Chemist: 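The structure that follows is given in the form of structure tokens.
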Amino acid sequence: MISDADLPTMPPTGMPSGLANPASSPTTAEPAVLLIEDDPGDALLTRELLSDSGISNRFTQASSLKEAAAAPTTPDCVLLDLHLPDCQGLEALGRVLHRWPDAAVVVLTGLDDAATRTAAVAAGAQDYLVKGHIDGALLGRTIQYAIQRRRAVVTERQLRDSRMQASENTRLQRGLLPTPLVTDPALAVVSRYVPGRGRSLLGGDFFDLVQDEDHTLHAVIGDVCGNGPDEAAIGVGLRVGWRTLTLAGVEKAARMRLLEQVLVAERPRESMFATACTIRVVPDRSQVIIVSAGHPAPLVITPGSADPAPIRHHLGLGMFPGRGRWQESVVTLPAGAGLLLYTDGVYEGFSEDGTRLGEERFIELAATLSTVTEPGDFLTALLDKIRRSDDGRHSDDTALLYLTWPAGADAAPIGPDR
């Protein structure tokens, strides 16, 4: 039985954290208004109109685009004359929109021309007012409405970007959490992937599982240090590279060397490294051959016990490129035993006494729950215990891969035909 891996919780498709919400922004808040106008008389008149509207306390005036660009504050609304000493017409509008992409821009000009009005609004202006045809109330309303419309546009763009990021994360997650390539009906595979608390970006935990034609079972679990899109991309690359090398029949130690070459070539910075553990379970399921590159040893699960497999530990991938000497460890599997592969996120959280849970106490938890015979229930109970003691402080990604063969089940037959 093969169960679907649990995907990490994605950011909601509604309002992402930190985005401006026009509905919650009070229209009575005092906006910061920047007037770009070179005529002193028109500037004075605009100031008086703003005073009549009640929004003149945060008013700044500049006589050119150069002077405006040097203003220390970011305006909520720019009132723009199209005839300035250093720029004119729609070119001036384009430069203002480029300089303050999130500000509302209202053209305030003496040119009463329908074609220019249409072109200015099409170019990105929120409104177009003609000098001498407005009063304080109209100017105040126009500014407030322009700011709200612009905020709505900015929020919509941020929502769109957030959804695109969520979609990219989903694709990365599916790359990190593949569909196992196994055909053994006696094998139960259960996996869990839990992202660190409060993060919208992925970490670099990954795992995979494939089966040879002679029914030898291969699995890998790994952890790229750090979290985010770079680490996730490296994790996907390592997982795909491992699957390719495994199906091509490359032996385990050589696989580690080649995977390290992939990591070193692809990593965005020299400090990035990864830990990994690969296993090979022989067709009659009596032995498992393990190679670890700085990764925790798998647990051999039997009713009443959870024992770390005795293995040789070696350098993680990319720590000291070219110096790794990864060797195989052969471990005997008791009849009916399961194998639990995991990343260090399972024990990096806190326990009830405020200290780190640690690997030893995690193993004790696994041993306590080892009598739970249903594999999915076992992982669920184990994660619940970790989360309950952690009290929401856990911040590292967690990946688990649990393989079980019921006692007395027929071993997979040797040969490509089933």
Side-chain angles (χ1 to χ4, degrees), residues 1-3 5-6 180 186-194 205 207-209 217-223 275-282 285-313 328-353 355-390 394 396-409:
M1 177 184 67
I2 299 175
S3 67
D6 291 349
L187 170 66
V189 181
V190 181
S191 61
R192 297 288 188 270
Y193 185 93
V194 182
D205 290 9
F207 55 81
D208 202 353
L209 184 68
L217 188 67
H218 304 266
V220 65
I221 192 163
D223 183 2
T275 66
C277 179
T278 66
I279 68 169
R280 180 173 81 249
V281 185
V282 299
R285 312 312 183 208
S286 63
Q287 288 183 330
V288 56
I289 296 87
I290 304 171
V291 177
S292 173
H295 201 84
L299 298 185
V300 179
I301 306 294
T302 56
S305 68
D307 300 315
I311 64 172
R312 299 180 179 92
H313 289 279
E328 297 182 344
S329 301
V330 180
V331 178
T332 300
L333 285 179
L339 279 172
L340 177 61
L341 288 72
Y342 57 93
T343 59
D344 60 7
V346 295
Y347 57 76
E348 287 296 328
F350 293 87
S351 61
E352 294 177 349
D353 60 7
T355 61
R356 288 283 181 181
L357 178 63
E359 191 170 4
E360 290 186 7
R361 280 190 281 189
F362 161 70
I363 294 173
E364 290 174 2
L365 284 177
T368 301
L369 297 169
S370 61
T371 54
V372 178
T373 56
E374 210 292 315
D377 292 344
F378 169 75
L379 286 192
T380 298
L382 185 58
L383 286 173
D384 285 346
K385 283 279 190 181
I386 294 170
R387 290 166 176 165
R388 191 176 302 119
S389 63
D390 184 69
H394 194 205
D396 196 9
D397 296 290
T398 298
L400 301 103
L401 180 63
Y402 189 35
L403 315 178
T404 58
W405 299 268

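This is a predicted model, so every value here is computed, not measured.
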Chemist: Taking Ser370 for the side chain and Ser305 for the main chain, is one N or O donor matched with an acceptor at less than 3.5 Å?
Modeler: yes
Chemist: With rounding to the nearest 0.5 Å, note down the distance linking CG in Leu365 to CZ in Arg361.
Modeler: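 Reported value, rounded in 0.5 Å steps: 9.0 Å.
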Chemist: Could you measure the distance from the OG atom of Ser191 to the CG atom of Leu209? Nearest 0.5 Å is fine.
Modeler: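 Separation between the atoms: 9.5 Å.
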Chemist: CD of Gln287 to CD1 of Ile279: how many Å apart, nearest 0.5 Å?
Modeler: 13.0 Å
Chemist: For the side chain to side chain contact (heavy atoms under 4.5 Å, CB included) test, which of Leu299, Ile301, Leu333, Leu217 pairs with Leu339?
Modeler: Leu333
Chemist: When rounded to the nearest 0.5 angstrom, what distance separates CG in Asp208 from CG in Leu401?
Modeler: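 Nearest 0.5 Å value for the CG-CG distance: 9.0 Å.
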Chemist: Tell me, do Leu187 and Trp405 make a side-chain contact under 4.5 Å, heavy atoms counted?
Modeler: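 Side-chain contact under 4.5 Å: yes.
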Chemist: Would you call Thr404 and Phe378 a side-chain contact if the rule is heavy atoms closer than 4.5 Å?
Modeler: no
Chemist: Any heavy-atom pair between the side chains of Ile386 and Thr398 that's under 4.5 Å?
Modeler: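 No - every pair of side-chain heavy atoms lies 4.5 Å or more apart.
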Chemist: Does the plane of the ring in Tyr347 sit parallel, tilted or perpendicular to the ring in Phe362? Use 30° and 60° as the thresholds.
Modeler: tilted
Chemist: At their closest point, which heavy atom of Ala399 faces which heavy atom of Tyr193, and how far apart are they?
Modeler: CB-CD1, 4.0 Å
Chemist: To the nearest 0.5 Å, how far apart are CG in Leu400 and CD1 in Ile221?
Modeler: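 Leu400 CG to Ile221 CD1: 6.5 Å, rounded to 0.5 Å.
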Chemist: I need the single residue from Thr275, Asp223, Thr343 that forms a side chain to side chain donor-acceptor pair (under 3.5 Å) with His295. Which is it?
Modeler: Thr275
Chemist: Identify the heavy atoms of Ala297 and Ile311 that sit nearest to each other, and give their distance.
Modeler: CB-CD1, 3.5 Å
Chemist: Does Arg312 use its side chain to pair, donor to acceptor, with the backbone of Glu328 at less than 3.5 Å?
Modeler: yes
Chemist: For Gly376 and Arg192, work out which heavy atoms get closest and say how close.
Modeler: O-NH2, 3.3 Å
Chemist: List the atom of Leu341, the atom of Cys277, and the distance in Å for their closest heavy-atom pair.
Modeler: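 Nearest pair, atom of Leu341 first, then Cys277: CD2-O, 4.5 Å.
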Chemist: Look up atom OG1 in Thr380 and atom CG in Leu382, then write down how far apart they are to the nearest 0.5 Å.
Modeler: 9.5 Å
Chemist: Testing the basics here: between Ala309 and Val300, what is the closest heavy-atom pair and its distance to 0.1 Å?
Modeler: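 Taking every non-hydrogen atom into account, CB-CG2, 4.4 Å.
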Chemist: Between Ala367 and Ala306, which heavy-atom pair has the shortest distance, and what is it?
Modeler: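 Where Ala367 meets Ala306 most closely, the heavy atoms are N-CB, 3.6 Å.
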